[in-house]
Each structure stands twice: as C-alpha cells, then as structure tokens.
Amino acid sequence: MNGRLIYVAHPFGSINGINCDDVMNSNQMAIDKIMKELVLKDRNNVYLSPLHNFSMLYFEKEYAKGLQICLDMLEKCSVLILCGDWQHSKGCIGEWAYANARNIKIYSLEEWEEYLDKQGDISR
C-alpha cells in the first residue's frame, strides 16, 4: 500500500443534529491527535482530513454542499479510515456509504493501526 491517498473521517460538529462549539472543539482536538500520529507513523502514505481541509467551510444551512465538497476529495482516495463515534455522524455515514458504493477500501482507525503495526517501522 505505498503512496496512497488516505481519507481520515471523524465526526465534527453536532450531537443529535444540534451544533455545539464544545463538541466541535473536542472533535477537532481528537482528529488533530489522530492525524499527527498517522502522519508520523507512516511515511509511505498521504493522509487527508476533511476537517482540516474544509472545517472553515462548514455549511449549517447547506449541509449537502459541504458534504459534496468532502466527497469530491474522498473520490481521489483509495482508503477511508473511520474514526471516533462515526456511526452517529451524518457526515461520516455519508462518507462510508460513498466509499462502499465506489469500492474504496474502508477501515476503522483500530484496523488501520493494526495494519500499520504489521508493516514494521515505517515512521518518519
């Protein structure tokens, strides 16, 4: 799996559909930590996070537009990693469905970390 674009999905900004600054801050800190660990642990792949790329464009009223921008990036990737409580995130579920329909490989963060551990030392 050398040189792939890896899409890292994580919930962003709501609980039960209600936006909450505390949730957004907590989720941002969580994905920051995950991305730092993945990037430093794996020199062979390029990791992309829609939250890092597009969170400043978070569309409350035009949610579908924001999700489509993320899916356009996912289309370029060969792997989707799902993090956090993704099963309760409208965006992550959309990303999962999109990847599943297009045969993009899907891993949980735990599964991907196990895969990386089996690769030996590929850290930066």
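The chain is numbered in sequence order, starting from 1.
- By the side-chain contact (heavy atoms from CB on, under 4.5 Å) test, Ile122 pairs with Asp42, Arg43, Asn44, Leu116, Gln119, sequence neighbours left out.
- With sequence neighbours excluded, no residue satisfies side-chain hydrogen bond (donor to acceptor under 3.5 Å, both in side chains) with Asn103.
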Side-chain donor-acceptor pairs under 3.5 Å in residues 31-40, sequence neighbours left out?
| unit_1 | atom_1 | unit_2 | atom_2 | d |
| --- | --- | --- | --- | --- |
| Asp32 | OD1 | Gln28 | NE2 | 3.1 |
| Asp32 | OD1 | His52 | NE2 | 2.6 |
| Lys33 | NZ | Glu37 | OE2 | 3.0 |

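- With sequence neighbours excluded, the residues that form a side-chain contact (heavy atoms from CB on, under 4.5 Å) with Trp86 are Leu82, Cys92, Trp96.
- Of all heavy-atom pairs between Gly3 and Asn45, the closest is N-OD1, 3.6 Å.
- A distance of 5.5 Å separates CG in Leu48 from CG in Leu5, rounded to the nearest 0.5 Å.
- Nearest heavy atom pair, residue Pro50 against residue Cys70, reads CB-SG, 3.7 Å.
- Listed by first then second residue, pairs satisfying salt bridge (charged side-chain N to carboxylate O under 4.0 Å, His left out) with a partner in residues 79-97 number zero, not counting sequence neighbours.
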Under 3.5 Å donor-acceptor pairs involving side-chain atoms of residues 72-81, not counting sequence neighbours:
| unit_1 | atom_1 | unit_2 | atom_2 | d |
| --- | --- | --- | --- | --- |
| Asp72 | OD1 | Gln68 | NE2 | 2.9 |
| Glu75 | OE1 | Tyr98 | OH | 2.5 |
| Glu75 | OE1 | Arg102 | NE | 3.3 |

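- Residues passing the salt bridge (Lys or Arg N to Asp or Glu O under 4.0 Å) test with Asp117 are Lys41, sequence neighbours excluded.
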**Request:** Could you please spell out the steps behind the side-chain contact (heavy atoms from CB on, under 4.5 Å) verdict for Trp112 and Val8?
**Result:** CA-CA 11 Å; Trp112 187 254; Val8 184; over 6 Å; no
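- Note on Leu51: it does not cluster hydrophobically with Ile93, by side-chain heavy-atom contacts below 4.5 Å among ILVMFWY residues.
- Ring geometry for Tyr107 versus Tyr115: interplanar angle of 30 to 60°, hence tilted.
- Taking the side-chain contact (heavy atoms from CB on, under 4.5 Å) definition, one finds that Ser108 meets it with Glu110, Glu111, sequence neighbours left out.
- What you find for His10 and Cys83 is that their closest heavy atoms are CD2-CB, 3.6 Å.
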